[in-house]
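Shown next, in structure tokens, is the structure this report addresses.
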Amino acid sequence: MSESETAAADIEAEETRARETLLEVSNLDAGYGDLQILTDLEMTVGRGEYVTIVGPNGAGKSTAMKSVFGLTSHMGGTVTFDGTDITQMVPEEIIHHGLGYVPQNDNVFSSLTVRENLEMGAYILDEVPEDALQAVFDRFPILERRQEQKAGTMSGGQQQMLAMGRALMLEPKLLLLDEPSAGLAPDLVADMFDRIDDINDAGTAILMVEQNAKEALRRCDRGYVLVNGKNGYVGSGRDLLDDEEVRQRFLGG
Amino acid sequence: MSVRDYLDRLTGTGRADTDAGAPGDGAAGTDLGIVVGLMLAVYVVFVAIGVVLGYDTNGIVNALSQVTFLTAVYALVVLALNLHWGYTGLFNIGVAGFMAVGTYTMAMATAAPDARVPGLGLPIWAGIALGMAAAAVIGLVAALPALRLRADYLAIVTIALAEIIRLTYLSSAVQTFTVFGTQLGTGGGSGIGIEADPDTVVVEFLASVPGLNVLFDAFGSVLSGMGVQQSVINNWYYAFVLLVVVVAYYWLLQRIGHSPFGRVLKSIREDEDVARALGKNTRLFKIKSFMVGCSLMGLAGILWFGSYGFINPNTFLPQVTFFVWIALIIGGAGSNTGGVVGAAMFAAVLFELPRYLASIAGDTGGLPSAPPTFARAVGALFDLEPLAFVAYGIDNIGPLRLVLVGVVLIVLMQRRPEGLLGHRKETAASIGLSRPNRSRETTDATAATDGGEEQ
Amino acid sequence: MSSDTAGSGSAAGDEPTAESDASGADTDAEAPASATGRDDDAGVTATGREADEVGAHIDGTPALAVKNLRKTFGGITAVDGTSFAVEAGKMTGLIGPNGAGKSTTFNLITGFNRPDSGQVLLNGDDITGKQPYEIADRGLVRTFQIARELEEMTVLENMMLGPQHQSGESLWRAVTPGVRSSVKRDEEKVLERVWEMLDFFDIAHLAEEYAGNLSGGQRKLLELARALMTDPDILLLDEPFAGVNPSLENRLLEHVHELREQGYTFLLVEHDIDLIMENCSRVLVLHQGKLLADGEPAEIKADERVIEAYLGGEVE
Amino acid sequence: MGIADNYSRGRRLLVERPGQALAAVVGVLLVLALFADLAAKLGSGALGVGDVVLLAWRGVVNGLVIGLAGVGLSMTYSILNFANFAHGDYITGGAFVGWAVAWLVAGLGEYDIGSLLSLGLGADVYAPQLGTSIFGAPLALLLGLVAAGVGAIAIALLIDKLVYEPMRGQDGIALLIASIGVAFILRYLIVFVWGTSVTSVADEAGGLRPTVGGVTFSFGYHELTLVVCAVVLMVGVHVLLQRTKLGKAMRAMSDNQDLARVTGIPTERVIKWTWIIGAGLAGVAGYLLILEAGTIAYSRGWILLLLIFAAVILGGIGSVYGAIFGGLVIGLADSMSIIWIPSDFTKAAAFALMILILLFRPSGLFAGRTTA
């Protein structure tokens, strides 16, 4: 990255901080069991910001996201969310603080109906939040029409919408998306990204891992390139797309 | 675990990671060392306890023969089971049923036609052969449909089958029956006597072999000089013979394990789909493994329960199966040496030692008489008479011993599911797999360039 | 999955190393020809087949053909009347989104699932509905999407498992005294091939390691090497590069190309469309269980239907 | 599903899996033959209508016990993902605790506490003296019922804490083996405290003997009590699983444990509730079984366990209604098969039925319907 670009990234980062940091990952070392995958990871997401993580296979993108949600073992560093240290919390607690997570595969309860899936999203509340439910139905009308259908019988794209809808039931401040376009037929991919844009426009911050790096960078505010479990590059989506080195090495020219 | 440390010291290795050397060959010495060392340690403990507590010589020698007998018979069944579970990954908890088939068939074949429960009156060797064959056939009947089931379902099917077998032998409907004009019977609930009980037959046979008989006489006279009764000496003879059979089982199963056949079994245990994708007819391999294991269980049943001279259906309760399983898990599934070690640990330490201690305590006295019920024993505790409570415990050592068995099993599953001997690198091949000499130069070169790839 | 060269910090440094690694493998690679028992005709076949490649049509019997293959699972149609052919000695790619039926197609071809209707032909012979072991026996061998190595067996044991009809796989031969010595002799022959193959794939230094201790990429190498030990004609690779880091991916690709030059036929399923386009001479596109397109990479890239339904904005 | 659908499905079954189709046909023919035989026996007078009704009633009573206990086994099987071989001993444990409390309440003040709690072992206290029937000591019996449930729950939660919780990520086989260890501990601790003898603990209560059309039927009051309690509890479980979030969360967990965790379902709490419901039902089932049978022994639950497995597998693991249905089928098969086969073989017949189900329809007759 050239000098000027680094400077631009710095400015971008300044702006983010001005925007008020929602998630802050600092010096994080994490992995599974004894196996360390992330080293010294630094990452921030501002309130309402749209951030993506890209990088080659095995770079630790999904692990980075999982470590935010308490699904990995932490060996060092901290994760702070909205002023609270969530480093040692389990997912069940983290959800209470306004984080939602959509895993990559197998992300619906296939033997439950669509509606029951959504209700499970609000399990920690005493009552099913009717307005949140209605908001999800408004966002994904197909889910309202198919309320009583078993989730397992829906198509891949519909399941992905259901999984997102379930995570939105608690109206999280930050939504974590693990490869939302994975395995979708390409005609559906654009639609999926549009919907993510909509969710972000409504004020929910997004942290997303994507294989489809070009499209993701085109849409996001800011991107992180991970290499070998470490921070590689950071910058606005446009800058990363324009960066010759990043293009060559990670985006296939 | 201290036993583990002890065993480590015996083998001189931590996790028994023998080098690429010939499989079994190099390890055989240390494995024998482990087993012999363990048995000697057990003997020493039993003798020491007996001597310290002032038990008589006959009692001590008898206890040792009992320990040896139990270790041997458990080792036989555990080795057979290890073929199923340790090598092939078949979760068979119907072991007692297959032992029942073997033993009952042998008993029915050898019983005299005019006995209370009539039989075919065949000689013992024919009875043994028929017993093994029958166990294998029942194994085949079970295997044909059931081996494609997942492990927990196979477990339920096998234990249900074992119960069906036991209930069938228990039934009065087959107490005596007639096939092709020949009267046969199982004896129903009252059981069946074993005409040619292996114990007597074997000892008589040994006594008639020239040379051996001299050795046996010498052994016998030394023991009887120490005040040991003839029946105990006979028990020792039979125990020796069983040890020889254990060696034969071990040899056979090591050969199976260390062969391309065993390699396929191992691959089935790890991931059957992979084996299928590599062109192995896994169904056939599983059936073979199951049948061989079942017939070995049948023989083990004959040598074990047959030697008591009498069997009834309740000899083959499901808990017999669980005891065998626990012994296998203690030693570590997948390793034949582990199986023998597990058998010794279970039979000697978990099963026989508490009983031995209780019987010494009972014989030598010193404790108040035991309260008749648990409530009274607890009452005694309140009256500050803890010894009475202890006496109640000793009086009820049977159930307590089984509680201990349960605790050991759970602790093992939690802390050391791979068993005392741990994962052992027993290479499934008939030869050592180190690189044949001629191409050694190239390895070093390639290995050097690729160092970074390891985790 | 841990990535290699954790200390290097920048991925750029890896690439040249990977290249030199691969070329290093090339120089060693005389061995594999004999390792796979094809030393005599490898060169000839390869050039012979190169000549065919110009035609791009399949003359005579295709190595593998499926006709009208159909499979439903509980009312959902996974494969819906697919037909295609794979030419001998070529590398054919199979692409499509998740749920397009790629893995099911693989399972139907290799006997892991039984098709509801349709046919699978191997060198012209009908193998529909045969057991996996019979199909592998006829020279069609698969690998799995997630490398399925036999975890508690060493790399050597994994490799020794490969060859078909080993004399010691018969129980009585394995145990009977006297006969066993012939088993040992056969094992020694297999062992020699195993080491040659390990050298070819540069994993000889891992020989004593339990397969469960290997990294994701090493497992993929082992799985391919083990499949080759069965002496197949056609290899079906299910996402062989998924989760493999870039430098190892290059190495794996080198190996595959080299093997193809020796005359092996490949059918591979991959997510990475660019990788398929660059490396395969023919590409099949599955969509909703049906074959959407079948042609050379250039044709596929230009195919309107494919662009519309599949490649979308990817092609710029 | 239309007839045409059924037809085409049937045809496909015939073509694809001739073995299974054949088994189905043989099964149907067998059932028809059995009914024909039953009709013949009734016609010839070898068997009276009263006898058949009696056997069926016994089958229903046993079936409800099996089903009630089976619900718990089915729930733990699908949510904790292992076959719990200690379930039978939870039944026995609950029964002993419940009856000890029932005796204590019934005989308090008259006999010494130790003798009552040891159910008369080694003392001169007997059920008839205490009058432990629903008419003789209703309060004691009710408290005993509650104690049986609570006792089994306490045992199950303690064991979960000590044994299964540290093993959470391990596979089902490791847990299954550990559960065999648990079974040993429970069973032989019971022997240590209460001995191995078969003790009569419930007093006679008599029963209804209506005569309809010249045939006299017999329904014991304790049997009726059992049926009423079992039905009430089953309805309760139904409501619990249908109407509460907990039921849905249980289904979600048996579906996908990891996803349940990231969705925010408190998985540990759901597991605890699974034990509470499962063990509570097991303990009550054991208590009622003893009430109806009159005698108690340490191996009672263990002997029942395989029949319970049979019921659960028959109904499909994870299906509560399947477990109840399976329990009734197994209970009826166990009791009514005596019409056709020697009584020694009735249990064997039930096991054989289970093996056949596992072989030909391992997902159970209620396939696909998980909890509730």
Side-chain angles (χ1 to χ4, degrees), chain B residues 89 91 93 142 145-146 148-161 163-168 170-174 188-189 318-319 322 325-326 329 371-379 392-393 396 398-415 417, chain D residues 19 77 82-83 85 112-118 121-123 162-163 166-167 170-196 298 302 306 309-310 313 341-352 354-355 358-360 362:
Chain B
F91 201 115
I93 54 171
R148 63 190 160 89
L149 295 176
R150 41 181 251 220
D152 52 345
Y153 287 180
L154 180 63
I156 292 168
V157 165
T158 49
I159 195 174
L161 179 71
E163 281 294 89
I164 291 176
I165 290 169
R166 187 177 68 85
L167 293 169
T168 305
L170 193 59
S171 164
S172 54
V174 288
Q319 53 170 279
F322 294 137
W325 263 92
I326 293 165
I329 289 166
T373 65
F374 180 75
R376 298 271 171 79
V378 173
Y392 178 77
N396 287 278
L400 280 187
R401 188 178 60 169
L402 296 173
V403 171
L404 177 69
V405 163
V407 171
V408 168
L409 185 58
I410 291 167
V411 170
L412 271 175
M413 290 320 289
Q414 288 183 341
R415 303 277 166 84
Chain D
Y77 206 151
F82 77 101
F85 270 75
D112 91 305
I113 294 177
S115 305
L116 290 172
L117 285 179
S118 31
L121 194 66
L162 295 176
V163 179
M167 297 178 73
Q170 289 199 42
D171 69 346
I173 295 303
L175 287 160
L176 191 162
I177 295 172
S179 80
I180 292 174
V182 171
F184 268 91
I185 293 177
L186 286 180
R187 199 176 318 148
Y188 292 103
L189 277 179
I190 288 171
V191 171
F192 187 66
V193 176
W194 282 288
T196 52
Y298 77 103
W302 164 246
L306 271 183
F309 266 119
I313 287 165
I341 57 176
S343 63
D344 300 332
F345 286 108
T346 57
K347 276 216 170 46
F351 295 158
M354 169 181 76
I355 292 180
L358 269 179
L359 293 179
F360 292 105

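Letters A, B, ... mirror the listed sequences (proteins, then strands); counts begin at 1. Here the structure is a predicted model, which means the values were calculated and not measured.
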Would you say the side-chain atoms of [X] pair up with the backbone N or O of [Y], donor to acceptor, closer than 3.5 Å?
{"X": "B/Gln414", "Y": "D/Leu162", "answer": "yes"}
{"X": "D/Asp344", "Y": "B/Ser172", "answer": "yes"}
{"X": "B/Arg148", "Y": "D/Leu359", "answer": "yes"}

Non-hydrogen atoms of chain D under 4.5 Å away: do they reach the side chain of [X], the backbone, both or neither?
{"X": "B/Arg376", "result": "side chain"}
{"X": "B/Arg401", "result": "neither"}
{"X": "B/Phe91", "result": "side chain"}
{"X": "B/Pro371", "result": "neither"}
{"X": "B/Ile165", "result": "neither"}

Are any non-hydrogen side-chain atoms of [X] and [Y] less than 4.5 angstrom apart?
{"X": "B/Ile159", "Y": "D/Phe309", "answer": "no"}
{"X": "D/Met167", "Y": "B/Met413", "answer": "yes"}
{"X": "B/Leu400", "Y": "D/Phe192", "answer": "yes"}
{"X": "D/Val193", "Y": "B/Thr373", "answer": "no"}
{"X": "B/Gln319", "Y": "D/Phe184", "answer": "yes"}
{"X": "D/Tyr298", "Y": "B/Pro399", "answer": "no"}
{"X": "B/Asp152", "Y": "D/Tyr77", "answer": "yes"}

Among [options], which residue has the highest count of heavy-atom pairs closer than 4.5 Å to chain B?
{"options": "D/Leu117, D/Leu175, D/Val182", "answer": "D/Val182"}
{"options": "D/Gly195, D/Ala174, D/Pro342", "answer": "D/Ala174"}
{"options": "D/Ala83, D/Gly172, D/Gly114, D/Ala348", "answer": "D/Ala348"}
{"options": "D/Leu176, D/Thr196, D/Ile190, D/Ile173", "answer": "D/Ile173"}

Below 4.5 Å from any heavy atom of chain B, which atoms of [X] appear? Answer side chain, backbone, both or neither.
{"X": "D/Phe85", "value": "side chain"}
{"X": "D/Trp302", "value": "side chain"}
{"X": "D/Ala183", "value": "neither"}

Can you tell me if CD1 on D/Ile113 sees more than 12 non-hydrogen neighbours from other groups inside 6.0 Å?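 No, because the 6.0 Å sphere around CD1 of D/Ile113 holds 12 heavy atoms or fewer from other groups.
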Rounded to the nearest 0.5 Å, what's the gap from [atom1] on [X] to [atom2] on [Y]? Could you check?
{"X": "B/Leu170", "Y": "D/Phe345", "atom1": "CG", "atom2": "CZ", "value": "9.5 Å"}
{"X": "B/Leu161", "Y": "D/Met354", "atom1": "CG", "atom2": "CE", "value": "10.0 Å"}
{"X": "D/Leu358", "Y": "B/Tyr153", "atom1": "CG", "atom2": "OH", "value": "6.5 Å"}

One pair to check against side chain to side chain contact (heavy atoms under 4.5 Å, CB included): D/Val191 and B/Val403. What are the steps and the verdict? CA-CA 10 Å; D/Val191 171; B/Val403 171; over 6 Å; no
Derivation and outcome, side chain to side chain contact (heavy atoms under 4.5 Å, CB included), residues D/Ile355 and B/Ile164: CA-CA 11 Å; D/Ile355 292 180; B/Ile164 291 176; 4.1 Å; yes
If we define contacts as heavy-atom pairs under 4.5 Å, which of B/Ile93, B/Val407, B/Val408 has the most with chain D?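 Heavy-atom pair counts peak at B/Val407.
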Can you tell which of B/Leu154, B/Ile156, B/Leu149 has the highest number of heavy-atom pairs within less than 4.5 Å of chain D?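 Maximum pair count with chain D is reached by B/Ile156.
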Closest approach of B/Leu409 to D/Ile177 (non-hydrogen atoms, all atoms of both residues):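 For B/Leu409 versus D/Ile177, the nearest heavy atoms are CD2-O, 3.4 Å.
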